Amino acid sequence: MSIKYKHYTDALMKSVRSGKSAARSVAEILADENMLQCVAEYNPELLSTSDSDRLYATESKIYGTFFRNITRKLNELVITYQDAESPSFLKIINNAERGFGKARFYWANDEVRNEALGYGSVSNTRVEARIFAFRFINAYLRDCFPPSLIEELKNDIEESDVDDNQFKELENKLRFWPTFIQGEKQPAVENHPHWRDVFDALINNRVFSATYDSMHKSVVPECVTLSPQRIQYINHDIKLFAFVHEINTYYSFQLDRLKNIQQATNVKYRSINWDQFEKHYDFEFRGADWAVNHLCKIGFGEHIKVTSNGGGTSKVTGKVLIPNHFNKQAPDVFDCVNFLSSFGDSLQVLKPDIVRAEFKRRAEAMISLYENDDIERSIQTLLESAHQQTSNNLMLGVYKKRYS
């Protein structure tokens with residue numbers, strides 16, 4: 001196999017360390033992890049297969065040629081970066097180490113090294129912070145990004161998988177728990193290969209067909225043709241909001257339940273007028289100061305105004321954006337009420353009436369569950385819950401007939 005030394009340029013630059021105290025000989029550079037990975041990919045025959053401590057098959061005829069040419073490649077890099085106004089990539093030979101393979105290389109400083117590696121002229125501390133950010137994206141936010149963006153970040157993410165990151169130990173001291181539940185979750189984009197097709201259709205305004213197992217089978221057919229409008233991260237779930245051509249309305253789909261995705265080239269894409277789909281409502285809450293402060297901290301609603309009521313309670317007013325429900329021309333308060341319910345009895349909804357009414361309905365249902373343990377009564381309440389919240393009158397009629 002021939003050796004294409006251009007493949008080794010990036011690995012060589014990454015293997016060189018910044019500062020005279022970190023200068024390395026060619027042999028030390030060849031032993032760097034970046035170089036070893038590059039050799040394993042392009043010229044694995046150079047690596048030792050014996051049980052000895054040697055990393056390379058030094059007895060190979062091709063190794064001597066490889067060693068000499070790597071030295072020349074390093075010298076070329078020195079010349080390249082010495083041509084700049086401010087020389088950055090330097091080479092020294094210590095008198096005590098004069099001889100073949102004893103040349104030692106180093107960058108003038110961290111900033112010029114990082115700039116040559118494509119990080120921009122930034123300090124090592126800033127690069128380390130970026131590495132930590134990419135590790136965080138890969139661990140927690142990967143399924144929120146379109147696969148095409150993840151591919152663009154692939155090299156950054158792979159390069160962030162290092163053990164000498166100064167923020168490494170910080171990972172054990174930070175937790176990303178949107179629902180206060182710790183869980184090990186595999187990146188969704190890897191578990192669901194069809195997501196790529198969904199994201200591509202979303203970005204390019206394309207229609208696609210799919211099968212979907214919905215709990216609202218009386219409303220949403222199993223086979224659907226969709227014009228995707230928006231990807232939404234709601235309640236620890238990735239959902240696709242799309243126009244459903246079969247029923248001429250909009251619906252939110254759990255992304256991992258969309259199957260058999262195919263492009264529908266014979267169907268015209270249908271866009272949405274967001275003003276018709278979602279609307280701002282005036283809200284007014286009374287709550288304990290800690291609950292009101294938390295609402296303000298996370299940016300709930302718009303045009304927020306807080307008035308202290310004294311005694312540890314406050315009133316908060318503003319506007320909240322609520323979408324219409326797919327099953328009726330009325331607001332869908334499901335996700336809003338779910339979130340506000342997390343404050344329990346530390347928050348009282350005064351406005352809007354649609355949110356207050358759903359809290360009242362849930363409160364009455366909760367009382368029926370916890371004041372009476374009668375199994376028949378509990379089952380009816382549990383089964384009706386989802387259909388009450390989505391105003392599915394057809395299914396509510398079924399349950400009413402069943403239990404009356």
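The first residue in the sequence is number 1, and the count goes up from there. Every value quoted in this text rests on a predicted model; they were computed, and no experiment measured them.
For the pair R361 and Q388, the minimum side-chain heavy-atom distance is below 4.5 Å. Counting heavy atoms from C-beta outward, V337 and R362 have side chains that approach closer than 4.5 Å. Side-chain contact between L55 and L30 is absent, with no heavy-atom pair separated by less than 4.5 Å. A 4.5 Å side-chain heavy-atom check between L255 and K239 finds every atom pair outside the cut-off. Taking the side chain as every heavy atom from C-beta outward, L350 and R356 approach each other to under 4.5 Å. Contact check for K73 versus Y8: no side-chain heavy atoms found under the 4.5 Å cut-off. With contacts defined as side-chain heavy-atom distances shorter than 4.5 Å, the pair V355/V320 does not qualify. For the pair Y56/L47, a side-chain contact is recorded, criterion being any heavy-atom separation below 4.5 Å from C-beta on.
Counting heavy atoms of neighbouring residues, nucleotides and ligands inside a 6.0 Å radius, atom CZ of R286 does not exceed 12 of them. More than 12 heavy atoms of other shown residues, nucleotides or ligands fall within 6.0 angstrom of atom CG in N204. Residue K315 places its NZ atom among 12 or fewer non-hydrogen atoms of other residues, nucleotides or ligands, all under 6.0 Å distant. Remark: Q262 CD is loosely packed, at most 12 non-hydrogen atoms of other residues, nucleotides or ligands lying under 6.0 Å away. Open room surrounds CD1 on I375; 12 or fewer heavy atoms of other groups in view lie less than 6.0 Å from it.
No donor-acceptor pair under 3.5 Å is formed between the side chain of S385 and the backbone N or O of L382. Between the side chain of Y212 and the backbone N or O of V220 there is no donor-acceptor pair closer than 3.5 Å. Listed for the N43 side chain is no donor-acceptor partner under 3.5 Å among the backbone atoms of E45. No donor-acceptor pair under 3.5 Å is formed between the side chain of S48 and the backbone N or O of A57. Distance alone, capped at 3.5 Å, is enough to place a donor-acceptor pair between the R104 side chain and the A23 backbone. Between the side chain of E246 and the backbone N or O of T225 there is at least one donor-acceptor pair closer than 3.5 Å. A donor-acceptor contact shorter than 3.5 Å links the side chain of T211 to the backbone of K259. Under a 3.5 Å cut-off, the side chain of E371 and the backbone N or O of S368 do not form any donor-acceptor pair. No donor-acceptor pair under 3.5 Å is formed between the side chain of R206 and the backbone N or O of I203. The closest donor-acceptor contact from the side chain of N109 to the backbone of V112 lies under 3.5 Å.
The aromatic ring centres of Y281 and F283 sit 6.0 Å or more apart. The aromatic ring centroids of F243 and Y269 lie 6.0 Å or more from each other. Between W274 and Y250, the distance from one ring center to the other does not fall under 6.0 angstrom.
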For this session: Given salt bridge (charged side-chain N to carboxylate O under 4.0 Å, His left out), test D282 with K351 step by step and report yes or no.
Result: CA-CA 7 Å; D282 292 326; K351 294 179 181 178; over 6 Å; no
Problem set entry | Criterion side chain to side chain contact (heavy atoms under 4.5 Å, CB included) on Q82 and L90, from CA distance to verdict | CA-CA 7 Å; Q82 293 294 69; L90 309 177; 3.3 Å; yes
For this session: Kindly determine whether L295 and L340 satisfy side chain to side chain contact (heavy atoms under 4.5 Å, CB included), including the steps that lead there.
Result: CA-CA 9 Å; L295 284 173; L340 294 175; 4.2 Å; yes
Exercise. So E222 and D213, side chain to side chain contact (heavy atoms under 4.5 Å, CB included) or not? Walk me through it.
Worked result: CA-CA 6 Å; E222 182 180 1; D213 183 19; over 6 Å; no
For this session: Show your working on side chain to side chain contact (heavy atoms under 4.5 Å, CB included) between W290 and S346 and close with a plain yes or no.
Result: CA-CA 9 Å; W290 72 265; S346 294; 3.3 Å; yes
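Checking S314 against N309 by side-chain atom types alone, no donor-acceptor pair falls below 3.5 Å. Between the side chains of N34 and D32, at least one donor N or O lies within less than 3.5 Å of an accepting N or O. In this model, no donor atom of one side chain and acceptor atom of the other lie less than 3.5 Å apart for E41 and Q37. R72 and N69 are linked by a side-chain donor-acceptor pair at a separation below 3.5 angstrom, with hydrogens and angles left out of the test. Counting only N and O atoms by type, the side chains of Q229 and S271 include no donor and acceptor under 3.5 Å apart.
The CZ atom of F339 sits 14.5 Å away from atom CZ of F334, with the distance rounded to the nearest 0.5 Å. Rounding to the nearest 0.5 Å gives a distance of 10.0 Å between CG of L12 and CD of E76. Note that OG of S227 is 8.5 Å distant from CG of N205, once rounded to the nearest 0.5 Å. One distance of note links CG of D332 with CD1 of I322; it measures 9.0 Å at 0.5 Å rounding. Note that CD1 of I367 is 11.5 Å distant from OG1 of T381, once rounded to the nearest 0.5 Å. Rounding to the nearest 0.5 Å places CG of L36 at 8.0 Å from CD of E33.
Minimum heavy-atom separation, V16 to R113: O-NE, 3.1 Å. The two residues R54 and T58 come nearest to each other via the heavy atoms NH1-OG1, 3.0 Å. Here the closest heavy-atom approach between residue N372 and residue S378 is recorded as O-OG, 4.0 Å. Heavy atoms only, all atoms of each residue included: A264 and S209 are closest at CB-N, 4.3 Å. Of all heavy-atom pairs spanning R270 and H245, the tightest one is CB-CE1, 3.9 Å. When all heavy atoms are compared, the tightest approach of M13 to L77 is CG-CD1, 4.1 Å.
Ring geometry for F89 versus F105: interplanar angle under 30°, hence parallel rather than tilted (30 to 60°). Relative orientation of the Y63 and F66 rings is tilted, given thresholds of 30° and 60° on the angle between their planes. Under the 30°/60° scheme for interplanar angles, the aromatic rings of F253 and Y251 are found to stand perpendicular.
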